[in-house]
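Below you'll find the structure, written out as structure tokens, and then a few comments.
Excluded from the calculations below are hydrogen atoms, water molecules and symmetry mates; all remaining heavy atoms, backbone and side chain alike, are included.
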Amino acid sequence: VLRDRRDLANHGMLTIVVVVSKLDYEIISGPDIITRGFIYARESEDLIKEIKEISRKEIQECLDNKILEWQVMKNSVKKSVEHHLYHKIKRRPTVFTIIMEI
């Protein structure tokens, strides 16, 4: 627990929220990005747009393949976003992905 709290304090966090339709295999809302402690959102609009596009692409790819398993979708988004952030800004915030089904 202490290590997790230290990592959040040092590296920050990024939350990605998406709503998907399990009947139509479509993204209904999002992805919405919430950041805490690693970038100033108003000054990093381009980076947030890139993160949204990467997230949308990964989720849409899962939906196109009829994959609705939350863990698969979350891991796909998390890995892609973490990889992009490290190469772009050399930081490793904790990435949380929230996928809601309707």
Derivation and outcome, side-chain contact (heavy atoms from CB on, under 4.5 Å), residues Trp70 and Glu101: CA-CA 9 Å; Trp70 290 21; Glu101 289 181 358; 2.8 Å; yes

Check against salt bridge (charged side-chain N to carboxylate O under 4.0 Å, His left out), Arg56 and Glu53: CA-CA 5 Å; Arg56 189 202 57 75; Glu53 184 58 31; 2.7 Å; yes

Val19 vs Ile27, side-chain contact (heavy atoms from CB on, under 4.5 Å): CA-CA, chis, key distance, verdict: CA-CA 6 Å; Val19 179; Ile27 297 173; over 6 Å; no

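The structure places CD1 of Ile51 at 11.0 Å from CD of Glu82, a figure rounded to the nearest 0.5 Å. Note that NZ of Lys52 and NZ of Lys49 are 8.5 Å apart. Values are rounded to the nearest 0.5 Å. The distance from the SG atom of Cys62 to the CD1 atom of Ile99 is 7.5 Å, given to the nearest 0.5 Å. For the atom pair Ile16 CD1 and Ser80 OG, the distance stands at 9.5 Å (nearest 0.5 Å). Between Ile34 atom CD1 and Ile98 atom CD1 the span is 6.5 Å, to the nearest 0.5 Å. Note that NZ of Lys57 is 11.5 Å distant from CG of Asp64, once rounded to the nearest 0.5 Å.
Linking ILVMFWY residues whenever their side-chain heavy atoms come closer than 4.5 Å, directly or via other members, places Val77 and Ile89 in the same cluster. Two different hydrophobic clusters hold Phe96 and Val17 under the rule that ILVMFWY side chains link at heavy-atom gaps under 4.5 Å.
Proximity of Lys22 to Ile102: side-chain heavy atoms (C-beta onward) are nowhere separated by under 4.5 Å. Taking the side chain as every heavy atom from C-beta outward, Pro93 and Leu85 approach each other to under 4.5 Å.
Using a cut-off of 4.0 Å between Lys/Arg side-chain N and Asp/Glu carboxylate O, Glu50 and Lys88 are scored as salt-bridged.
A cation-pi arrangement, defined by a distance under 6.0 Å to the six-membered ring centre and an angle within 45 degrees of its axis, is present between Lys90 and Tyr86.
Applying side-chain contact (heavy atoms from CB on, under 4.5 Å) to Met73 and the options Val18, Thr97, Ile59 leaves one that passes, Ile59.
With 3.5 Å as the limit, one finds no donor-acceptor pair spanning the side chains of Glu26 and Ser21. Looking only at atom types and distance, the side chain of Glu61 has no donor-acceptor partner in the side chain of Asn65 under 3.5 Å away.
Arg36 CZ: 12 or fewer foreign heavy atoms inside a 6.0 Å radius.
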